[in-house]
Structure formats: C-alpha cells, structure tokens
There are 2 protein chains.
Amino acid sequence: MAKAARKTSTGTDQSNGQIQPKTARGEATRKAILSAAERVIGERGFNEASIGHITSEAGVAQGTFYIYFKSKDEVFSELVLEMGRLVRRALSEATQNIENRLDAEKAGLTAFLEFIRAHPDLYRIIQEALFVDPEAYHAYYHTFAEGYRSGLEAAVKAGQIKPGDADTRAWALMGISRSLGERAVIWGDKTPVEDVVETAHDLIVNGLKP
Amino acid sequence: MAKAARKTSTGTDQSNGQIQPKTARGEATRKAILSAAERVIGERGFNEASIGHITSEAGVAQGTFYIYFKSKDEVFSELVLEMGRLVRRALSEATQNIENRLDAEKAGLTAFLEFIRAHPDLYRIIQEALFVDPEAYHAYYHTFAEGYRSGLEAAVKAGQIKPGDADTRAWALMGISRSLGERAVIWGDKTPVEDVVETAHDLIVNGLKP
DNA sequence: GACAAATATGAATACTGATTCATGTTTCAG
DNA sequence: CTGAAACATGAATCAGTATTCATATTTGTC
C-alpha cells in the first residue's frame with residue numbers, strides 16, 4: 001500500500017528505477033543491504049521481515065535503506081530479478097555444450113538442484129513473489145518455460161525425443177525440478193543430488209512403465 | 001504478531017480450537033465468513049486481505065468475525081485444512097476403483113486439474129501457506145507425498161511399474177500436477193484438461209525417449 | 001411473553017512498522 | 001586544504017489494521 005517514495009537519495013535514479021551509488025563506499029553499503037535483505041526475507045518471509053531487521057542485519061541505520069532503495073517492495077523485486085539471472089546463468093553454463101537433449105535435461109536438473117541447495121533463501125523468495133510481485137513471478141517462470149519449450153521443439157525436430165506438446169511438457173518438467181528442489185530446500189531432504197537426478201532422469205527418459 | 005485472542009464468543013471452543021456456533025443462524029454466518037475469506041484471501045493474498053475486506057464481503061460487521069474465529073491466522077489455517085480435505089476427497093473418489101497404477105495416475109491427474117480449475121482461490125492459499133502457516137503447508141504436501149509413495153511402492157511390487165525410488169518419484173509426480181495446475185490457474189492457460197493430461201500421462205508412462 | 005444465551009454491531013483501542021526528515025559525518029575534486 | 005556532494009543516522013511521523021468492547025438485537029425455551 002505504500003505510495004511510491006519520492007527521491008530521497010543523491011544517487012542517480014536510473015531508468016530501470018534503481019538508485020545507483022556514486023562511490024565505492026556507497027556501492028558496498030548497497031550490496032550489504034541487498035544481501036542482508038536476501039537472508040532476512042528468505043528466512044522470515046516478506047511480511048515478517050522489517051526494514052529494521054534488514055538494516056540491523058546489514059549493520060546500518062534504518063534511514064540508510066532509503067538512500068539505496070525506494071521501498072521495501074523494490075528491494076524484493078530486485079532480489080527476484082537477481083535470482084532469475086543467477087539460475088539462468090547456472091543452467092546455461094551447465095548445458096551449453098551438450099548437444100543431446102536428454103543429456104542436457106540431466107545436466108540441467110543437476111545444476112538446478114545444486115544451485116538451489118546453495119541458495120535456499122532465494123528459492124523461498126521466488127515462491128513469495130507470487131503475492132508480493134506477481135509480475136516478477138510471471139517473468140521468472142515464463143522465461144524458463146519459453147526457453148524450455150523451444151528447446152524441446154528443437155529436440156523433437158532433431159529426432160532426439162518423441163513428438164508431443166512442448167508447452168505442456170515444459171511446464172511438467174519445470175514442475176519436477178521445482179518440486180524436487182523444494183523437497184530438498186524447504187523440507188531438508190538429504191537424498192544426494194546424484195541419486196535424485198538418477199531417479200528423476202529415468203522417469204523423464206523412460207517413464208514408469210515396466 | 002498478534003497475540004492469541006481471548007475467548008470472545010459464547011460458542012463452544014472445541015479441542016481443535018474451532019469456535020462452533022450453537023444455532024443455524026450462527027452456522028450460516030460462520031460459513032459466510034469462511035467463504036468470503038476464501039475469496040478475499042485467494043484474490044488479494046493474506047496480507048492485503050484485511051478483516052474489514054472479509055467481513056464486508058461476507059456482509060457482516062467487523063466484530064462478528066471474532067465471534068467465529070480467534071484470529072486472522074486461524075481462518076487462514078482452516079482454509080488450508082479444508083483445501084487439503086477437498087483435494088484428497090476428489091482424488092480418492094476419482095481413483096478408488098482403478099486397480100492399475102498407470103490408469104489411476106491418469107484419472108488422478110485429471111481430477112486434480114479439474115478440481116483446481118474449479119477452486120483457483122484455494123490453490124493460491126496453499127502457496128501462501130508456506131509463509132503464513134508453514135505447519136499446515138507441510139502437512140498438506142507431506143500427506144500427499146506419503147500416500148503417493150506407498151501407492152508407487154505397491155505398484156512396483158505388483159509389477160505395474162518399473163522399480164525406482166518411490167519417494168523421489170512421488171515428489172516428481174506431484175510437481176508435474178502442481179505445475180500444470182499452476183499454469184492453468186495462475187496463468188490462465190486454456191489448454192483443455194484432456195489434452196494436458198494426454199501429454200503429461202504419456203510423459204509419465206513412456207518418458208521422452210524417441 | 002419474558003429471560004438467558006447467542007448473535008451482531010461498529011466505534012475505540014493499541015500496536016506495528018514503513019517512510020521521512022533534520023541533522024551530522026565522510027569523501028574527493030579542484 | 002576546503003567546500004559541495006555523497007553518505008549516514010535514528011528519532012519522529014503517519015497510516016493501516018487486527019483486535020476488543022460496550023452495547024444492541026435476535027433466538028429459543030419455559
């Protein structure tokens with residue numbers, strides 16, 4: 001409900017809406033706040049995480065927050081964007097020179113599970129974005145879905161997988177990753193990534209039929 | 001943050017914590033509030049949904065809310081519980097006299113997708129439970145996972161599906177349903193349930209391999 | 001038809017927490 | 001050096017809203 005904040009800082013307010021520090025000192029403070037926000041919001045959830053919690057975790061005064069971020073919502077949105085970038089990078093790096101789709105599927109699932117086990121806070125933030133920043137949530141999942149879909153279509157054309165509705169398959173496969181990720185991150189399941197991937201990949205490649 | 005409310009109503013405070021109306025009139029009011037809460041919280045999310053929004057949607061005064069519910073959290077928890085009961089009933093009815101696991105898988109997916117298309121608000125409420133009522137969220141998913149797991153194990157024993165880690169498979173399959181449900185409910189995808197099920201079931205049974 | 005229990009009301013309370021602001025302190029170009 | 005821009009502070013503001021409460025009204029029972 002907060003109104004859009006008026007510009008408080010002396011930092012440049014870029015076209016993307018971000019407030020950019022002018023000095024190395026400012027840069028460091030901004031990063032400290034962003035990183036504190038990731039931890040605090042990831043742990044307590046958006047609504048239980050107060051600006052006070054975030055700034056005290058970052059070791060700065062409350063007002064300092066508003067030198068670098070227009071609002072609590074804005075820092076959240078930035079975290080969602082960052083999460084998207086990081087996951088996409090991790091996945092594209094893991095799969096970049098794998099020509100076969102089924103192999104890429106396996107490498108991608110492994111990379112995804114490893115990434116989110118390393119960044120549990122970010123995982124929870126994405127989930128909460130459905131309510132706090134629906135646009136960012138939409139962008140996050142649809143960007144993945146689109147890439148997935150076109151990859152599957154290409155694989156069908158190349159005869160690497162059997163034909164089938166690529167969009168539905170894309171969402172189904174994303175769902176598998178997401179759910180297995182959640183089992184690990186939210187529920188603390190300790191099954192080794194390798195074992196999880198083995199089972200899931202066999203399901204994806206061969207299905208359940210005897 | 002709210003402290004546990006003191007008993008305000010004259011209604012019996014049951015061992016389960018629910019406040020039960022004594023008359024048909026009270027019963028009707030309670031239902032009206034619960035149903036309004038489902039719509040309002042489903043649409044606006046827990047934090048944006050105020051007691052005022054809920055009571056005005058229900059057509060009662062603000063104070064009336066506290067005759068039937070101890071707190072805003074409590075009405076939310078009750079919605080999550082109700083959602084779990086409804087989905088489980090829909091699924092068990094849809095699959096009760098299907099002996100083959102792969103057929104049951106198909107019927108279950110169909111029933112699930114139809115159910116959540118009919119109850120989009122409840123779907124969003126479950127998602128938000130991760131933050132508002134983690135215990136209820138845990139119970140919701142783990143109850144499903146457990147049933148799923150034992151069903152898969154039985155199917156392996158019966159030779160209906162190939163062997164494989166039942167727990168990981170259970171979470172993967174839940175993830176497929178959830179993701180396809182989300183595509184429909186949150187993103188408004190209009191692909192007919194039948195077509196979605198066909199594609200997904202083929203993936204589940206046969207996998208992607210050509 | 002009268003009394004007690006149950007239900008309903010909505011204004012008042014109480015508290016939380018995001019955002020602002022007046023006032024320092026630090027940095028750095030010239 | 002030195003002054004202006006940048007950065008930092010934290011107490012005060014301000015709004016929203018969950019919850020309570022004193023006060024009706026309705027219902028069912030004798």
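Below, all heavy atoms of this structure are taken into account, side chains as well, without hydrogens, waters or symmetry copies. Chain letters run A, B, ... following the sequence lines, proteins first, then strands; residues in each count from 1.
Taking the six-membered ring where the residue is Trp, the centroids of A/Phe65 and A/Phe69 are separated by under 6.0 Å. For B/Phe46 and B/Phe76, the ring centers sit closer than 6.0 Å to each other.
Close to C/dT16, at under 4.0 Å from its OP1 or OP2, lies no side-chain N or O of A/Ser50. Applying the 4.0 Å criterion to OP1 and OP2 of C/dT7, one finds that B/Arg30 has every side-chain N and O outside that range. Here A/Arg25 reaches the OP1 or OP2 of D/dA8: one of its side-chain N or O atoms lies under 4.0 Å away.
Taking atom CG of residue A/Asp73 and atom P of nucleotide C/dG17, one finds them 16 Å apart after rounding to whole Å. One atom, CZ of A/Phe46, and another, C1' of C/dG17, lie 12 Å apart when rounded to the nearest Å. Rounding to whole angstrom units, CD1 of residue B/Ile54 and P of D/dT17 are separated by 12 Å. Atom CD1 of B/Ile41 is separated from atom C1' of D/dA18 by 13 Å (rounded to the nearest Å). Atom pair B/Phe69:CZ and C/dA8:P shows a separation of 12 Å (rounding to whole Å applied). Counting to the nearest Å, the C1' atom of D/dA5 and the NZ atom of A/Lys22 are 10 Å from each other. Look at CD1 on B/Ile33: it is 12 Å from C1' on C/dT9, rounded to the nearest Å. Distance B/Asn47 CG to D/dT17 C1': 11 Å, rounded to the nearest Å.
Mapping B/Phe65 and A/Gln62 onto DNA chain D by nearest heavy atom places A/Gln62 at the nucleotide closer to the 5' end. Comparing A/Thr64 and B/Glu27 along DNA chain C, the residue whose closest nucleotide (by nearest heavy atom) sits nearer the 5' end is B/Glu27. Comparing A/Gly26 and B/Lys72 by the nucleotide of DNA chain D whose heavy atom lies nearest to each, the residue mapping closer to the 5' end is A/Gly26.
Checking B/Ile54, B/Asp121, B/Leu122 one by one against B/Ile41, the side-chain contact (heavy atoms from CB on, under 4.5 Å) holds for a single residue, B/Ile54.
Among the nucleotides C/dT19, D/dT9, D/dA18, the one closest to the side chain of B/Tyr66 is D/dA18. Side-chain proximity of B/Ile51 to D/dC7, D/dA18, C/dA8: nearest is D/dA18.
Contact annotation for A/Ala49: backbone-only contact, meaning every heavy-atom pair under 4.0 Å involves sugar-phosphate atoms and none involves a base. Counting any heavy atom pair closer than 4.0 Å across all strands shown, A/Thr23 reaches sugar-phosphate atoms only and no base atom.
Side chains of A/Thr191 and A/Asp189: a donor-acceptor N/O pair is present below 3.5 angstrom, by distance only.
Between the B/Ser179 side chain and the B/Gly175 main chain, no donor and acceptor come within less than 3.5 Å of each other.
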